[in-house]
Amino acid sequence: MTTQQTGETAPTRPPKRAVATAAEFVSRHGGSARAVVENLGKGGARIVLIGQDGALGDVLVPDPTSGESVVEAVEGLESGDWDSDTAAALTIGPAHRRKMAGARAR
């Protein structure tokens with residue numbers, strides 16, 4: 001019986017480059033990290049990474065399913081949501097705050 005006959009979907013292979021990027025982030029920022037997969041619609045998906053040291057990073061993938069497969073493939077990467085624990089784990093410095101504020105900070 002094929003996956004089409006059973007109604008199941010084949011597992012999504014994570015993009016190699018995304019796995020490598022996320023794994024490097026985890027190793028550089030304390031050996032573990034949280035990941036929040038955000039659907040960007042037609043633009044794909046964004047995996048927001050929050051390192052154990054509070055650092056912020058991201059990886060773009062073609063779709064949310066690919067994002068979830070990247071999270072599963074990287075050791076030390078834990079799937080999360082934007083809850084209070086995840087937000088509290090993030091450390092945003094003054095330079096990043098100015099960058100986010102754009103022209104209003106100048």
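Both backbone and side-chain heavy atoms feed into the values below; hydrogens, waters and symmetry mates do not.
Here the CG atom belonging to Leu49 is positioned 8.0 Å from the CG atom belonging to Leu56, to the nearest 0.5 angstrom. Between the CD atom in Glu24 and the NE2 atom in His29 there is a gap of 8.5 Å [rounded to 0.5 Å].
Without hydrogens or angle criteria, Ser32 side chain to Gln52 main chain gives no donor-acceptor distance under 3.5 Å.
Arg34 places a side-chain heavy atom less than 4.5 Å from the side chain of Asp85. Inter-residue side-chain proximity for Glu68 and Ser79 is flagged as met; some heavy-atom pair is nearer than 4.5 Å. Side-chain contact check for Glu75 versus Val26: every heavy-atom pair is 4.5 Å or farther apart.
Only one option out of Val71, Val70, Asp63 pairs with Val37 in a side-chain contact (heavy atoms from CB on, under 4.5 Å); it is Val71.
Between Val19 and Pro14, the shortest heavy-atom distance links the atoms CG2-CB, 3.6 Å. When all heavy atoms of Ala22 and Val59 are compared, the closest pair comes out as N-CG2, 4.4 Å. Taking all atoms of both residues into account, the shortest heavy-atom contact from Pro64 to Ala45 is N-CB, 3.5 Å.
If you chain together hydrophobic residues whose side chains sit under 4.5 Å apart, Val36 and Ile92 fall into the same group. Both Phe25 and Val61 are assigned to one and the same hydrophobic cluster, defined by single-linkage of ILVMFWY side chains at heavy-atom distances under 4.5 Å.
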### Message
Evaluate Thr86 against Val48 for side chain to side chain contact (heavy atoms under 4.5 Å, CB included), listing each step before the verdict.
### Response
CA-CA 11 Å; Thr86 300; Val48 180; over 6 Å; no
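Dense packing is recorded around CG of Asp83, with more than 12 heavy atoms of other residues, nucleotides or ligands lying under 6.0 Å away.
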